[in-house]
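Just below is one structure, and these are the notes that go with it.
The structure displayed is predicted, hence computed values, not measured ones. Note that these values count all heavy atoms, side chains included, but never hydrogens, waters or copies made by symmetry.
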Amino acid sequence: MDIQNSIEELLYRYNCVVLPNFGAFLTQVKSAVINGPAHAFYPPSKIISFNEQLSSNDGLLVSYMAEKEKTSYDEMLKQVVALGEIWKKQLKNGDRLPLKNIGELWLNKEGKVQFQPSYKVNYLTSSFGLSSFTALPVQREVLKEEVAALEEKIPFIFTPEKRKEPSLRPYFKYAAVILLAASLGFGGYRLYNENAKNIAFAREQAQEQVSKNIQQATFFNKIPLELPSLTIDVVKKITGMHQIIAGAFRVKENADKKVQELRQKGYNASYIGINKYGLHMVIYDSFDKVDEALTFLKDVKQAESPEAWMLSVK
């Protein structure tokens with residue numbers, strides 16, 4: 001059971017991953033940072049933190065691992081809780097608990113859990129491919145001083161230019177330019193006249209065609225105008241904070257079919273819209289109390305689908 005790898009994979013997609021009866025790993029987006037004195041650039045990233053107070057099972061990690069390990073939800077829950085107890089004993093014995101690509105846990109003198117995140121992996125998917133780098137400073141002043149020193153060392157010798165006697169060659173050049181300009185002007189004048197005649201003829205033809213279309217136009221029709229039907233998708237407003245997710249679909253028609261299928265089975269299913277990944281979300285039901293939601297989630301996993309999970313919104 002590779003729980004560390006499962007937590008690492010979920011941190012790419014979710015901001016909170018709870019290890020039941022142990023604590024939660026949280027992520028917070030950090031903007032890009034430029035360190036001026038060090039000439040270093042750090043791209044946007046997710047900073048990982050740990051909160052031992054958030055230890056209630058939300059079903060996310062257990063459901064993901066149960067599907068990954070091809071086992072039941074209850075069996076995987078027992079294994080995860082047992083592993084959490086082992087980690088607690090290691091911390092109480094004074095051992096440090098390293099988690100690969102996540103961070104390191106230990107207890108301080110007061111018995112409080114301390115966490116040092118790992119910066120080796122950037123869990124922000126929008127920054128994929130970006131890495132920190134350090135730029136070399138441009139030493140403009142140094143180059144300027146070197147050029148000034150070279151100017152002082154290199155002597156400058158001015159050689160007077162000998163004046164040439166005037167010749168007839170420049171006049172031949174001017175005459176050739178004038179002759180070329182005159183030829184281009186005459187040719188352009190002829191082309192302009194031909195284009196003007198063609199434009200006038202095209203305007204007369206267009207005017208005749210417009211007049212003909214106006215005479216043949218029909219401004220009234222006894223047949224009434226029928227507008228195409230308009231279909232509006234109404235998304236039901238969900239009031240419960242805790243929603244039991246039935247599935248996420250890339251095609252809207254598949255999500256609607258899933259809603260109708262679940263309603264025929266007696267569930268209060270609804271379509272709740274599109275998530276940030278562009279998927280259409282469908283729920284079994286929603287609840288205001290977390291205890292009722294967890295009980296319903298357990299029943300759904302046993303009776304309907306072990307892939308169901310709970311989404312809690314504020």
message: Is it the case that the side chain of Arg263 and the backbone of Ala269 share a donor-acceptor pair, with hydrogens and angles ignored and the cut-off at 3.5 Å?
response: yes
- request: Take Tyr267 and Asp285, measure what side chain to side chain contact (heavy atoms under 4.5 Å, CB included) needs, and give me the verdict at the end.
  value: CA-CA 7 Å; Tyr267 293 101; Asp285 205 340; over 6 Å; no
query: Shortest non-hydrogen contact from Glu67 to Glu307?
result: OE2-OE2, 3.7 Å
query: Donor-acceptor pair, Asn93 side chain versus Asp95 backbone, under 3.5 Å?
result: no
query: Taking the six-membered ring for Trp, are Phe22 and Phe50 ring centroids under 6.0 Å apart?
result: yes
message: Return the OG to CE distance between Ser286 and Met241, rounded to the nearest 0.5 Å.
response: 11.5 Å
- prompt: Crowded around Lys298 NZ? As in, over 12 foreign heavy atoms under 6.0 Å?
  reply: no
query: Given the rule that I, L, V, M, F, W and Y join up when any side-chain heavy atoms are under 4.5 Å apart, are Leu61 and Ile48 in one cluster?
result: yes
task: State, yes or no, whether a side-chain contact exists between Val290 and Met310 at a heavy-atom distance under 4.5 Å.
output: yes
task: Kindly confirm or rule out a cation-pi arrangement of Lys252 over Tyr271, judged by NZ or CZ under 6.0 Å from the six-membered ring centre and within 45° of its axis?
output: yes
field: Distance in Å, Lys68 NZ paired with Asp2 CG, rounded so as to fall on 0.5 Å steps
entry: 6.0 Å
- request: Considering non-hydrogen atoms only, spot the tightest contact between Ala24 and Cys16 and give its length.
  value: CB-SG, 4.1 Å
- line: Between the CZ atom in Phe249 and the NZ atom in Lys257, the distance rounded to the nearest 0.5 Å is 10.5 Å
task: Check step by step if side chain to side chain contact (heavy atoms under 4.5 Å, CB included) holds for Tyr64 and Trp309.
output: CA-CA 9 Å; Tyr64 181 78; Trp309 55 282; over 6 Å; no
message: Quick check on the hydrophobic clustering: are Leu10 and Leu77 connected, directly or via other members, by side-chain heavy-atom contacts under 4.5 Å?
response: yes
message: Could you measure the distance from the CG atom of Asn275 to the CZ atom of Arg13? Nearest 0.5 Å is fine.
response: 10.0 Å
- prompt: Hey, quick one: are Val18 and Phe115 part of the same hydrophobic cluster, counting side-chain heavy atoms closer than 4.5 Å, chains of contacts allowed?
  reply: no
field: Donor-acceptor side-chain pairing of Asn15 and Thr27 below 3.5 angstrom
entry: yes
message: Using only atom types and a distance under 3.5 Å, with no angle test, would you say the side chain of Lys301 pairs donor to acceptor with the backbone of Asp74?
response: no
- prompt: Taking C-beta and beyond as the side chain, do Lys258 and Leu262 meet within less than 4.5 Å on heavy atoms?
  reply: yes
query: Can any side-chain N or O of Ser270 pair as donor or acceptor with the backbone N or O of Ile272 at less than 3.5 Å?
result: no
query: Can you tell me if Gln114 uses its side chain to pair, donor with acceptor, with the backbone of Asn108 under 3.5 Å?
result: no
Leu19 side chain reached by Trp87 side chain, heavy atoms, under 4.5 Å: yes
message: side chain to side chain contact (heavy atoms under 4.5 Å, CB included), that's the test. Do Glu304 and Tyr284 meet it? Break it down for me.
response: CA-CA 10 Å; Glu304 186 66 30; Tyr284 288 98; 3.3 Å; yes
query: Should Ile274 and Leu279 be counted in the same cluster of Ile, Leu, Val, Met, Phe, Trp and Tyr side chains packed under 4.5 Å apart?
result: no
task: Kindly give the heavy-atom pair with the smallest separation between Ile102 and Glu8, and that separation in Å.
output: CD1-N, 4.3 Å
query: Which atom pair, heavy atoms only, marks the closest approach of Met65 to Val80?
result: SD-CG2, 4.2 Å
message: Can you tell whether the side chains of Glu261 and Lys265 come within less than 4.0 Å, N to carboxylate O?
response: yes
- request: Measure across Ala248 and Met281 and return the closest heavy-atom pair with its distance rounded to 0.1 Å.
  value: CB-SD, 3.6 Å
- prompt: Do Asn5 and Glu9 have side-chain atoms, one donor and one acceptor, less than 3.5 Å apart?
  reply: yes
- request: Carefully, step by step, assess Asn57 and Leu294 under the rule side chain to side chain contact (heavy atoms under 4.5 Å, CB included).
  value: CA-CA 9 Å; Asn57 181 25; Leu294 290 175; 5.7 Å; no
task: Indicate the atoms forming the closest heavy-atom contact of Lys46 with Tyr12, along with that distance.
output: NZ-O, 3.7 Å
message: Do Leu60 and Leu99 land in one hydrophobic cluster if side-chain heavy atoms of ILVMFWY residues count as linked below 4.5 Å?
response: yes
statement: Separation between CD1 (Ile47) and CG (Leu26), nearest 0.5 Å, reads 13.0 Å
field: Distance in Å, Leu97 CG paired with Trp106 CH2, rounded so as to fall on 0.5 Å steps
entry: 11.5 Å
